[in-house]
Amino acid sequence: MLSDLELMRHHVKVLFKHNTENRITVVNEPPYDVAPLVFIGTTRDGSVVRYSNSLNADIVEKLEHVTRTNPTDLGKVIKVLSIDYELNDLSFGPAYVFPNVRERSVRKAIKVTYENKELLKPHFPYTFEDFDYKQSCFVIVEDNIVVSICCSARKSLMADEASVFTHEDYRGRSYGIDVTNAWAAEVQKQGRIALYSTSWNNFVSQSLARKLQLIQYGTDIQIS
């Protein structure tokens, strides 16, 4: 059983690519956007802090002085960053882990493979193009189109993070629950950790997390 802090360490490796100095470089999915200046993952067991490789050594030293004492003192973190950088975004969100879902039944979810990935092309062309990076992937088909999808948005050596979408016209039918449970069960069968994260203002995503009975182990804070 992994602790909350261990889960957060896996989570940050899923979210971002790191260099040899353990600085975050880019977001860990195509098109590999630049990572935030600072990532802070808080849990009841402690926090995981990562700095962008674009920050100079003096700024990192000042930030470490703040975060070693209180990593969630965002006022001080922002004050240090603002000396040399123009900040554009501050985001917060819960980080979840799936319980054991391998025994849950799913009704209509179809596993997407190289043999049937053409299913994705009409409405999910980017997932189709990046399919090598998006497995495991499951869909629900209605009216001959993919109406709900869950795939691995990002992954590390040990864990996968879910990305789920259901077409507005097909919501309220538990498709999001079924397709996401099918994805998580496949990930767990591979011996990997199934993770999910969102933002505090994404109420639809949080509602899905509650219906899936996910376990919140921490909170993400990203400053860009």
Side-chain angles (χ1 to χ4, degrees), residues 7 10-17 26-33 35 93-199 202 204-215 217 220:
L7 286 168
H10 283 293
H11 178 53
V12 72
K13 289 179 181 178
V14 168
L15 290 182
F16 309 110
K17 290 186 179 293
V26 294
V27 175
N28 189 25
E29 66 175 311
Y32 302 108
D33 294 328
Y96 302 98
V97 64
F98 282 77
N100 184 353
V101 300
R102 282 174 287 183
E103 304 305 320
R104 291 184 184 178
S105 62
V106 292
R107 297 174 296 171
K108 304 179 69 172
I110 299 168
K111 183 177 180 179
V112 182
T113 66
Y114 284 99
E115 285 70 33
N116 66 354
K117 70 173 186 173
E118 292 290 328
L119 284 168
L120 303 171
K121 205 168 186 178
H123 298 287
F124 298 93
Y126 297 113
T127 307
F128 174 82
E129 291 169 8
D130 294 330
F131 188 67
D132 288 347
Y133 304 97
K134 298 300 183 182
Q135 301 174 73
S136 300
C137 181
F138 285 81
V139 298
I140 290 177
V141 176
E142 283 283 357
D143 304 321
N144 296 315
I145 62 170
V146 173
V147 298
S148 188
I149 183 171
C150 184
C151 61
S152 295
R154 309 175 190 181
K155 59 177 66 183
S156 69
L157 292 175
M158 297 293 294
D160 292 45
E161 181 124 351
S163 172
V164 58
F165 175 80
T166 300
H167 191 283
E168 291 180 2
D169 294 342
Y170 293 85
R171 291 176 184 171
R173 306 184 192 184
S174 298
Y175 289 170
I177 295 171
D178 287 346
V179 77
T180 308
N181 273 329
W183 170 86
E186 178 70 14
V187 170
Q188 291 175 350
K189 285 174 186 175
Q190 296 171 6
R192 300 168 62 77
I193 306 163
L195 301 174
Y196 184 85
S197 62
T198 185
S199 59
N202 190 335
V204 172
S205 185
Q206 288 181 56
S207 175
L208 178 62
R210 287 193 297 272
K211 292 173 183 176
L212 289 165
Q213 301 177 330
L214 304 189
I215 302 161
Y217 62 87
D220 284 2

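Computed from a prediction, not measured in an experiment: that's the story for all the values here.
Atom NZ of Lys155 has more than 12 neighbouring heavy atoms from other residues, nucleotides or ligands inside a 6.0 Å radius. Annotation for Phe128: atom CZ counts as buried by contact number, over 12 foreign heavy atoms lying within 6.0 Å.
Heavy atoms only, all atoms of each residue included: Pro30 and Asp130 are closest at CB-OD2, 3.8 Å. When every heavy atom of Asp220 is checked against every heavy atom of Ala95, the shortest pair comes out as OD1-CB, 4.0 Å. Summarising the geometry of Thr166 relative to Ser148, their closest heavy-atom pair is OG1-OG, 2.8 Å, with the distance given to 0.1 Å. Summarising the geometry of Leu157 relative to Arg192, their closest heavy-atom pair is O-NH1, 2.9 Å, with the distance given to 0.1 Å. Listed here is the closest heavy atom pair of Tyr196 and Phe98: CB-CE1, 3.9 Å. Closest approach of Asn28 and Lys17 over heavy atoms only: OD1-NZ, 3.4 Å.
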Pair up each side-chain donor or acceptor in residues 109-126 with any protein partner under 3.5 Å, not counting sequence neighbours, and list the distances.
unit_1, atom_1, unit_2, atom_2, d
Lys111, NZ, Glu186, OE2, 3.1
Thr113, OG1, Glu115, N, 3.2
Thr113, OG1, Glu115, OE1, 3.1
Thr113, OG1, Asn116, OD1, 3.3
Tyr114, OH, Asp132, OD1, 2.3
Tyr114, OH, Gln135, NE2, 3.1
Asn116, OD1, Thr113, N, 2.6
Asn116, ND2, Lys111, O, 3.1

Before you tell me yes or no, could you show the steps for Ser136 and Gln190 under side-chain contact (heavy atoms from CB on, under 4.5 Å), namely the whole-Å CA-CA distance, both residues' side-chain angles and the distance that decides it to 0.1 Å? CA-CA 10 Å; Ser136 300; Gln190 296 171 6; 3.3 Å; yes

Next item on the list: Begin from the C-alpha positions of Cys151 and Phe131 and carry the test side-chain contact (heavy atoms from CB on, under 4.5 Å) through to its verdict.
Entry: CA-CA 9 Å; Cys151 61; Phe131 188 67; over 6 Å; no

Checking side-chain contact (heavy atoms from CB on, under 4.5 Å) for the pair Leu208/Ile177: CA distance, chi angles, key distance, verdict? CA-CA 7 Å; Leu208 178 62; Ile177 295 171; 3.9 Å; yes

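Geometrically, Arg171 engages Phe165 in a cation-pi contact defined by less than 6.0 Å to the ring centre and at most 45° from the axis.
In this structure, CZ on Arg173 lies 10.5 Å from CD1 on Ile140, to the nearest 0.5 angstrom. Residue Ser197 holds its OG atom at 11.0 Å from CG of Leu214, rounded to the nearest 0.5 Å. Taking CG from Leu195 and CD1 from Ile215, the interatomic distance works out to 11.5 Å, rounded to the nearest 0.5 Å. We find the NZ-CG distance between Lys211 and Asn181 to be 12.5 Å, quoted to the nearest 0.5 Å. In this structure, Asp160 CG and Arg154 CZ are separated by 12.5 Å, a value rounded to the nearest 0.5 Å.
By the 4.5 Å heavy-atom criterion applied to side chains, Phe16 and Val27 are counted as neighbours. The shortest distance between side-chain heavy atoms of Gln206 and Tyr96 falls below 4.5 Å. Ile149 places a side-chain heavy atom less than 4.5 Å from the side chain of Val139. Annotation: side chain of Tyr175 is in contact with side chain of Lys108 (closest heavy-atom distance under 4.5 Å).
Donor-acceptor pairing under 3.5 Å is lacking for the side chains of Glu29 and Ser163.
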